[in-house]
Amino acid sequence: MDTIIAKIQNKDSDEAIYMKAAQILKNGGLVAFPTETVYGLGANALDEMASAKIYAAKRRPSDNPLIVHIADVADLDKLAVDIDDRVKKTIKAFWPGPLTMILKKNQCIPDSITGGLDTVAIRMPSHFVAANLIKKSKIFIAAPSANISGRPSPTRAKHVIEDMNGIIDMIIEHDEVDIGVESTIIDLSVDKPVILRPGYITKAQLEQVLGEVFVDPAIQGNIADGVIPKAPGMKYKHYAPKAKVIIVDGKDNDVIDVINCLTKDKQLEGLKVGIMTCSENMKKYKADVVFDIGSRYDEASNARTLFEALRLFDEKKVDYVYSESFPTNNVGAAVMNRLIKAAGHTILHV
Ligand code: TXA
Ligand code: MG
């Protein structure tokens, strides 16, 4: 199929882009668009045939439910039931923004969107393109990240083009996203709030609004150990480049020495090596590709760059990626969560 690729750049031409995209969505087609977290792959959430196309385009397992995106809080009770005070407080504090809530679903939501669960994931994005698209198409948009399943989520339009050109109806291009990792997911369908996926909104921020918040143990654990995550998507090996990723953790100088040593060994075997580092250590490494994901004092910049780095290693066809670990005070917790998954939990403590 020919994919329409259209860039948001000025008021005059933008309107025509939104109108075209809205028409495609209303006719059951697929449109990729930027959000503040990552690019999403959208379809009409209440149209079962349309959502089936998302699973096919992404090659996504059908038991992995989708997030429904809305542009107006007033629409929430069309999609979910049991909207209590906790939900209202959470909305007031964090919407629109990078937070997804799991709520008991309204019967109008097709089972195919929720993987047969009796709950639904809902998010109100703050990105103006996402918000405009939802408003102008007058539908709710089901949207996973716009990557082929298992690949790093797209933070730039060119990543969406790499994965989806020729497969979906339209790609709306805009700048690099602001955040770079997917939304925090909090389950409010249960008595005690539980974080199912870490993101830009931290546990501490949520606790200021909700009191004690729990974290799904599977987020830290190794799924091979038999801990099954509550968010079905979190059980898949995700975000992984084709290379084998190994995290090396320890004191700075030890980490640098070990990574340089391992790199030399692999290169002697004729293999290509990539290294992921903070900018402070950039010059201390020698490898085929050295990629710095920002200062170790700037977790936001680490988040914005992580998926781009993982994609670049693929492009350069490296066989091994050695990565430092990164601070986890804020959005860094989400960065390390994605990195540990990319590494299939392979962490070398030195
Ligand atoms: O930032 C984001 O959330 C992006 C942008 C596009 O909005 N979307 C995104 O969607 O990351 P996706 O499909 O890549 O991840 C959705 C996650 C999956 O892990 C899925 O299993 C979980 O949300 N999820 C969806 N519905 C759920 C439910 N009812 N209960 C538990 N987990 C759910
Ligand atoms: Mg995803």
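Counting starts at 1 for both ligands and their atoms, following the listed order. Note: hydrogens, waters and symmetry copies are ignored here, and every other heavy atom, side chains too, is used.
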Mark the output for [X] as yes if a heavy-atom distance to ligand 1 is under 4.0 Å, and as no if none is.
X: Lys105; result: no
X: Leu117; result: yes
X: His69; result: yes

Using a 4.0 Å heavy-atom cut-off, say whether [X] meets ligand 1 through its side chain, its backbone, both or neither.
X: Lys230; value: backbone
X: Arg60; value: side chain
X: Thr119; value: both

Looking at [X], which atoms of ligand 1 are within less than 4.0 Å of one of its heavy atoms?
X: Ile185; answer: 17 (C), 22 (C), 23 (O)
X: Glu182; answer: 1 (O), 2 (C), 11 (O)
X: Ile67; answer: 3 (O), 8 (N), 9 (C), 10 (O), 16 (C)
X: Asn64; answer: 18 (C), 20 (C), 21 (O)
X: Ser183; answer: 1 (O), 2 (C), 3 (O)
X: Ile102; answer: 27 (C), 28 (C), 30 (N), 31 (C), 32 (N), 33 (C)

Ligand 1 to [X] polar contact by distance, N or O atoms, under 3.5 Å:
X: Ser145; result: yes
X: Pro232; result: yes
X: Thr35; result: no

Has [X] got more than 12 heavy atoms of other residues, nucleotides or ligands less than 6.0 Å from its [atom1]?
X: Glu269; atom1: CD; answer: yes
X: Lys26; atom1: NZ; answer: yes
X: Asp84; atom1: CG; answer: yes

**Item:** Heavy-atom check, side chain of Thr35 versus side chain of Arg123, under 4.5 Å
**Value:** yes
**Prompt:** Quick one: does Ile167's side chain get under 4.5 Å of Thr3's, heavy atoms only?
**Reply:** no
**Message:** Name the residue from Val87, Leu206, Ile186 that meets the side chain to side chain contact (heavy atoms under 4.5 Å, CB included) definition with Pro193.
**Reply:** Ile186
**Message:** Going by salt bridge (Lys or Arg N to Asp or Glu O under 4.0 Å), name the pairs with one or both residues in residues 184-208, residues two or more places apart or in two chains.
**Reply:** Asp187-Lys230, Lys203-Glu207
**Prompt:** Is the distance from the Mg ion (ligand 2) to some N, O or S atom of Asn147 under 2.8 Å?
**Reply:** no
**Message:** What's the separation between atom CD1 in Ile5 and atom CD1 in Ile168, rounded to the nearest 0.5 Å?
**Reply:** 8.5 Å
**Request:** Treat each ILVMFWY residue as a node, draw an edge where side-chain heavy atoms are under 4.5 Å apart, and state whether Met124 and Ile201 are in one component.
**Result:** yes
**Item:** Pick from Gly199, Ala143, Gly40: the one approaching atom 8 (N) of ligand 1 most closely through a non-hydrogen atom
**Value:** Ala143
**Asp75 with Lys78: basic N within carboxylate O range, under 4.0 Å** = yes
**Request:** Please list, chain by chain and in numerical order, all residues satisfying ring-ring contact (aromatic ring centres under 6.0 Å, His included) with Phe307, sequence neighbours excluded.
**Result:** Tyr239
